[in-house]
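On a predicted model such as this, the values are computed, not experimentally measured, just so you know. Letters go in sequence order (proteins before strands), and every chain restarts at 1.
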Amino acid sequence: MTTRSKPDVPRFYLTTAIDYANGDPHLGHALEKIGADVIARYRRQCGDDVHLLIGMDEHGQKVQQTAAKEGVAPQAFTDNIALRFQAMWARLGISYDQFIRTTEPHHKTGVQALIRRIAERNPDDFYERSYTGMYCVGCEAFKQDADIVDGKCVLHTTRTLEEVEERNWFFRLSKYQGFLQNLLATNPSFIEPESRRNEILGLLAQGLDDISASRARLDWAVPFPLVLSNGETQGTYVWFDALPNYLTATGFPDAGYEQRWPADVHIIGKDITRFHVVIWPAMLEAAGLPLPKQVWAHGFVQLGGERFSKSAGVKLDLGEAIDRFGADAFRYVLLREVPFDSDGNFSWERFEERYTSDLANAFGNLASRAMAMVEKYCEGVVPAAPRPDAELDDDADVEAYHGGLSGTRGWLLHEGLAAVARMTARANEYVAATTPWAVAKDPGRVAELHQILASLIRRIAKQTVMLAPFMPHKVEAVWAQLGAPATASAWHLMELASLNPTGWRVQKGEGVFPRPVAPTLPSPTAASSAPPTS
RNA sequence: GGUCCGGUAGCUUAGUCGGUUAAAGCGCUCGACUCAUAAUCGAAGGAUCGUGGGUUCAAGUCCCACCCGGACCA
């Protein structure tokens with residue numbers, strides 16, 4: 001629909017996992033979306049034509065059952081969930097370009113087109129097979145004996161297992177084992193980080209089983225386009241419905257989808273690596289379609305050291321987290337604390353510590369003190385002055401920043417933030433080393449003073465631009481106070497070296513990152529620090 | 001049950017092909033400074049590197065077993 005043609009601009013199509021429409025967005029969802037958004041904003045700020053896809057997985061028995069329990073039609077149910085997710089992404093400042101829902105008519109026809117295309121090109125790839133087993137509705141899967149205790153699935157002890165015999169369409173996944181092994185051998189960066197690749201290599205070495213592609217009794221689903229020999233039409237099984245969203249979002253099978261497909265990177269959680277690195281490439285190969293260039297599996301967030309789970313256990317209210325210091329600060333702390341290539345931890349205590357030390361004390365205060373001195377000693381106008389050699393020390397960190405965000409060595413967003421933090425610390429050290437307030441007392445050292453202050457403002461401006469993908473709103477407040485032209489996010493990230501603050505009229509206003517006020521933690525810290533009673 | 005990943009100072013982590021006193025940030029303690037958001041700068045303290053064996057002149061770094069956490073598969 002919006003097939004913008006910018007032939008000379010690199011396109012960058014990144015996707016996130018579609019979220020299952022069975023509950024509200026939580027911390028785990030947020031980490032992935034925020035990370036993907038940072039990458040998208042970074043690429044835009046590097047001049048790319050970015051397309052960020054986010055969406056919902058809305059089919060399946062669980063959705064149908066939950067909707068029934070609440071007495072609403074499944075579509076109405078998922079409509080509501082989708083709105084709640086979209087509202088949350090808006091609050092978090094997720095700059096998605098497209099929001100796909102698997103219940104959209106175009107997605108459904110796209111899935112069917114893909115399946116037909118596979119069947120046409122490789123008639124042997126879909127075949128009928130009957131199967132008998134214990135079916136767990138919670139898992140939406142047949143369970144083996146080892147997972148059954150007292151006749152119930154160990155993961156869903158409140159649900160009753162159903163003995164089911166059914167005839168399904170199967171996909172000949174086993175046929176693609178060699179293809180996939182070759183893919184990972186010749187293109188190791190197809191799945192990163194490396195630990196996840198090793199996992200898949202081990203899995204491939206064990207051999208692949210064919211997988212079910214359709215299911216009986218699956219009413220809330222895309223109708224599987226092939227009819228069984230007994231005349232039955234079944235519902236498309238979850239992964240054959242969900243995975244193609246990345247493709248149908250580009251318009252497939254309609255003309256023009258090739259302008260966006262293949263995706264540059266699928267951002268997913270480590271739990272669904274297998275589906276994206278085994279099943280999805282096999283499906284695409286079977287259909288004779290190009291594969292995505294990369295799959296990136298991020299880790300999980302633990303909450304206060306405990307496992308975070310949507311279905312059982314620990315929860316953190318996203319709205320509360322956002323309200324604490326604002327969406328931007330939450331984005332910053334989350335990505336600074338949680339390595340984007342492995343698991344990380346999050347707690348209210350760390351949140352506050354990180355916010356205070358990095359944003360309020362280091363960066364916020366740096367901006368504050370620098371602007372105060374420009375106002376005090378230079379009537380608020382940044383003086384012209386040559387760049388001191390000391391600033392060259394930042395170059396290595398700028399490089400490290402790009403290394404973390406460009407994807408060339410993986411998507412190490414936390415390393416990008418660490419690099420900026422080092423630059424901030426270096427600027428504060430520079431202030432201490434040059435003591436501009438002392439220099440200002442000596443009329444003979446005006447040139448020196450000007451150089452120090454201009455250098456400080458330039459460093460802050462540089463850091464502000466670099467932080468723009470992470471904190472898109474806060475950063476503009478700083479930018480405005482600096483008196484810099486246009487917006488921070490408009491500044492090309494490859495042209496940081498050309499930042500020249502000469503003549504900017506700074507206006508130190510309210511601190512953009514105020515220190516937290518006294519009784520801070522929403523969790524009962526007071527209670528836990530009190531002496532134990534009884 | 002199987003495969004894989006992780007277990008390093010109070011907290012979060014870095015430690016390349018095994019090799020001099022195991023590194024950093026935060027927190028804590030002390031000192032300095034006053035431009036600044038009771039911020040900043042400097043210094044000090046703090047780790048028998050999950051446990052137990054083994055290989056080696058030498059192991060956080062390799063091998064085996066076990067314990068704990070996690071993901072996936074059965």
Using a heavy-atom cut-off of under 4.0 Å over every strand shown, decide if [X] touches base, sugar-phosphate, or nothing.
{"X": "A:Ala360", "answer": "base"}
{"X": "A:Gly364", "answer": "base"}
{"X": "A:Asp343", "answer": "sugar-phosphate"}
{"X": "A:Phe300", "answer": "sugar-phosphate"}
{"X": "A:Arg350", "answer": "base"}

Centre of A:Tyr127's six-membered ring, under 6.0 Å away, within 45 degrees of the axis: is that where NZ or CZ of A:Arg172 sits? yes
Do A:Arg324 and A:Phe351 meet the cation-pi criteria used here (NZ or CZ under 6.0 Å from the six-membered ring centre, within 45° of the axis)? no
For the pair A:Phe340 and A:Trp296, name the ring-plane relationship: parallel under 30°, tilted 30 to 60°, perpendicular over 60°. parallel
Base paired to [N] (Watson-Crick or G-U; both N/O distances under 3.5 angstrom):
{"N": "B:U3", "value": "B:A71"}
{"N": "B:C26", "value": "B:G10"}
{"N": "B:C17", "value": "none"}
{"N": "B:C62", "value": "B:G54"}
{"N": "B:A47", "value": "none"}
{"N": "B:A39", "value": "none"}

Between [M] and [N] - [atom1] atom distance, rounded Å:
{"N": "B:U48", "M": "B:G60", "atom1": "P", "value": "13 Å"}
{"N": "B:G15", "M": "B:G52", "atom1": "C1'", "value": "24 Å"}
{"N": "B:C11", "M": "B:A65", "atom1": "C1'", "value": "31 Å"}
{"N": "B:A24", "M": "B:C66", "atom1": "C1'", "value": "32 Å"}
{"N": "B:C49", "M": "B:C62", "atom1": "P", "value": "15 Å"}
{"N": "B:U12", "M": "B:G6", "atom1": "C1'", "value": "14 Å"}
{"N": "B:G53", "M": "B:U13", "atom1": "P", "value": "29 Å"}
{"N": "B:U8", "M": "B:A59", "atom1": "C1'", "value": "14 Å"}

Heavy-atom nearest nucleotide on RNA chain B taken for A:Val512 and for A:Thr273; more 5' hit belongs to A:Val512
5' priority, RNA chain B, between A:Ala370 and A:Ala362 [closest heavy atom]: A:Ala370
Salt bridge or not for A:Arg350 and A:Glu337, using N-O below 4.0 Å? yes
Centroid separation A:Phe126 to A:Phe170 less than 6.0 Å: no
Nearest whole Å is fine: how far is [N] [atom2] from [X] [atom1]?
{"X": "A:His298", "N": "B:G70", "atom1": "NE2", "atom2": "C1'", "value": "14 Å"}
{"X": "A:Asn345", "N": "B:U13", "atom1": "CG", "atom2": "P", "value": "7 Å"}
{"X": "A:Lys270", "N": "B:C72", "atom1": "NZ", "atom2": "P", "value": "8 Å"}
{"X": "A:Glu352", "N": "B:U37", "atom1": "CD", "atom2": "P", "value": "19 Å"}
{"X": "A:Leu456", "N": "B:U40", "atom1": "CG", "atom2": "C1'", "value": "12 Å"}
{"X": "A:Tyr332", "N": "B:C26", "atom1": "OH", "atom2": "C1'", "value": "12 Å"}
{"X": "A:Ile460", "N": "B:U37", "atom1": "CD1", "atom2": "C1'", "value": "13 Å"}
{"X": "A:Glu349", "N": "B:G25", "atom1": "CD", "atom2": "P", "value": "23 Å"}

Output yes when at least one side-chain N/O atom of [X] is less than 4.0 Å from OP1 or OP2 of [N], else no.
{"X": "A:Arg515", "N": "B:A39", "result": "yes"}
{"X": "A:Arg274", "N": "B:C73", "result": "yes"}
{"X": "A:Lys508", "N": "B:U37", "result": "yes"}

I need the residues from residues 426-443 of chain A with at least one non-hydrogen atom less than 4.0 Å from RNA chain B; give them sorted by number, or say none. A:Asn428, A:Glu429, A:Ala432, A:Trp437
A:Ser368, nearest nucleotide to its side chain (from B:C35, B:U37, B:A39): B:U37
Which one, B:C72, B:U3, B:U37, comes nearest to the side chain of A:Asp271? B:C72
Between [Y] and [X], is there a side-chain donor-acceptor contact under 3.5 Å, judged purely by atom types and distance?
{"X": "A:Tyr377", "Y": "A:His450", "value": "no"}
{"X": "A:Arg369", "Y": "A:Asn428", "value": "yes"}
{"X": "A:Tyr176", "Y": "A:Asp125", "value": "yes"}

Heavy-atom check, side chain of A:Val277 versus side chain of A:Arg196, under 4.5 Å: no
Does the base of B:A36 carry an N or O that pairs as donor and acceptor with the side chain of A:Asn365 under 3.5 Å? yes
Shortest non-hydrogen separation from A:Pro516 to A:Glu352 and the atoms involved: CB-OE2, 3.8 Å
